[in-house]
Amino acid sequence: LQDVHERFPTDPGANAFYIWTHPSEPVDRSLLSPPNVPGAPEWAVYQRAAHALHRDFVNWWIENRQVENGEFGHFLGDDSDLINDWLSIAAISDPGGRIADSVRRLADTCWQVNLTDGVNTRPTDPLHAYEDGTNAICRAAEIYYGNPVYLERLMTATRAVRERFTAETGGHLHFTSRLYGAAQVITEPPYNQDSLASTLMLHPALYLGWYCRNGYALDLVRAYGDSWLELFEAAVAADGPLGVSDRVKFPNTVRFEDRA
């Protein structure tokens, strides 16, 4: 990408990919031609133009790739990734509910094909577990605000995470494995570890806590968060006083049995 960017500095496609993959670098906006809207602040003009482009992208995928059951053609796990940021587009503007319906169809298929009680059926790592459809059913609940079907699915998923994937060890709540599914949780070494990536599987509980202060969901999030917070505080204490730019040596996995 660096070579392409240097050889074709004015190419819109090359620029788009470069900006997307280098978010910390300053953006040269001299090549952009935002709409002329007298009296409107520059940030609003750019934001509206960016939203229109993003919505065009979403509509293209719906029109050209999505089939009736919601799939886009690259397995449900990657398809669910595609729609993960469509919530913001639909919330701003979704004439006729087209984007919402697209998310609904994919989420329903994930529920029927990939999930058991709202969590991944096959044993896999935390990220792919989330992508198997837990992410999609959360997006459906967020877009269809207050829909009892989707809220019930999130309650079911929250219970499954608590009862199937987590347990207490020494009074602390952790995932018992980093390779799990409703069909099997593999706790033999080296998989007998809790990974911070498993926080993704708390998405249903987090939404329920925000939506209605669901006590069961809040207890799960709080207990899991407190367990990791204690480990973080111990790491800070071991490293001594920290400066503004100092980093704490902190593992992203711990063994379930002894939290080491």
Side-chain angles (χ1 to χ4, degrees), residues 1-37 40-67 70-94 99 102-103 106 110 120 124-136 138-139 142 178-179 190 193 195-201 203 228 232 235 239 242-253:
L1 281 177
Q2 183 70 42
D3 289 343
V4 171
H5 179 65
E6 291 175 357
R7 292 185 62 186
F8 306 99
T10 61
D11 182 84
N15 266 318
F17 277 112
Y18 188 82
I19 292 170
W20 180 45
T21 55
H22 296 74
S24 62
E25 295 189 12
V27 177
D28 178 11
R29 295 186 295 175
S30 63
L31 299 176
L32 298 179
S33 300
N36 182 19
V37 184
E42 185 183 47
W43 68 264
V45 173
Y46 276 108
Q47 184 65 46
R48 186 175 182 182
H51 171 263
L53 288 173
H54 196 173
R55 191 170 63 185
D56 288 345
F57 166 86
V58 170
N59 284 329
W60 186 93
W61 277 92
I62 294 173
E63 293 169 6
N64 294 279
R65 289 291 186 269
Q66 193 169 32
V67 296
E71 292 185 79
F72 291 96
H74 205 273
F75 304 105
L76 290 173
D78 286 336
D79 289 349
S80 72
D81 267 346
L82 178 66
I83 59 97
N84 234 351
D85 63 350
W86 289 10
L87 169 65
S88 57
I89 300 298
I92 294 172
S93 176
D94 186 18
I99 300 173
S102 171
V103 172
L106 180 61
C110 287
N120 53 300
T124 186
D125 62 274
L127 174 59
H128 289 96
Y130 179 66
E131 293 171 341
D132 268 2
T134 299
N135 56 347
C138 290
R139 296 310 183 198
E142 291 160 358
R178 59 180 172 87
L179 192 67
Q193 297 176 321
S195 166
L196 272 174
S198 284
T199 53
L200 291 167
M201 297 301 290
H203 192 169
W228 277 100
F232 180 78
D239 281 354
L242 298 174
V244 174
S245 61
D246 290 338
R247 295 185 177 184
V248 178
K249 296 177 182 178
F250 186 67
N252 58 11
T253 59

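Just so we're clear, the structure is a prediction, and the values are computed from it rather than from any experiment.
Contact annotation: the side chain of Ile62 approaches that of Asn59 to within less than 4.5 Å [non-hydrogen atoms, C-beta and beyond]. Ile83 places none of its side-chain heavy atoms less than 4.5 Å from the side chain of Ile99. Between His54 and Asp85, the closest side-chain pair of non-hydrogen atoms falls below 4.5 Å. For the pair His22/Gln2, a side-chain contact is recorded, criterion being any heavy-atom separation below 4.5 Å from C-beta on. Considering only heavy atoms from C-beta on, Pro35 comes within 4.5 Å of Val45 through its side chain. The shortest side-chain heavy-atom distance between Ser80 and Asn135 falls under the 4.5 Å cut-off.
In this structure, His51 places its NE2 atom where more than 12 heavy-atom neighbours from other residues, nucleotides or ligands lie under 6.0 Å away. Heavy atoms from other residues, nucleotides or ligands lying under 6.0 Å from CZ of Phe75 number 12 at most. By the neighbour-count criterion of 12 heavy atoms within 6.0 Å, atom CH2 of Trp20 is sparsely surrounded, having that number or fewer from other residues, nucleotides or ligands.
Nearest heavy-atom pair across Gly70 and Leu106 is O-CD1, 3.6 Å. Thr124 and Ala129 get closest at one heavy-atom pair: CG2-N, 3.4 Å. Taking each heavy atom of Pro126 and Leu200 in turn, the nearest pair found is O-CD1, 4.5 Å.
Sequence neighbours left out, the pairs with a member in residues 51-64 that pass salt bridge (Lys or Arg N to Asp or Glu O under 4.0 Å) are Glu63-Arg98.
Rounding to the nearest 0.5 Å places CG of Asp81 at 11.5 Å from CG of Leu76. Put simply, OH on Tyr18 and CG on Asp11 are 14.5 Å apart, with the number rounded to the nearest 0.5 Å. Remark: Glu131 CD to Asp79 CG distance equals 11.0 Å, nearest 0.5 Å.
Without hydrogens or angle criteria, Asn120 side chain to Tyr130 main chain gives no donor-acceptor distance under 3.5 Å. The backbone N or O of Leu196 lies less than 3.5 Å from no partner atom in the side chain of Asn252, so there is not a single donor-acceptor pair. The main-chain N or O of Ser102 is found under 3.5 Å from a side-chain atom of Gln66 such that the two form a donor-acceptor pair.
Classification of the Phe72-Trp61 ring pair by plane angle, with boundaries at 30° and 60°, yields perpendicular.
Among residues two or more places apart in sequence or in another chain, the side-chain hydrogen bond (donor to acceptor under 3.5 Å, both in side chains) test is passed with Gln193 by Arg178.
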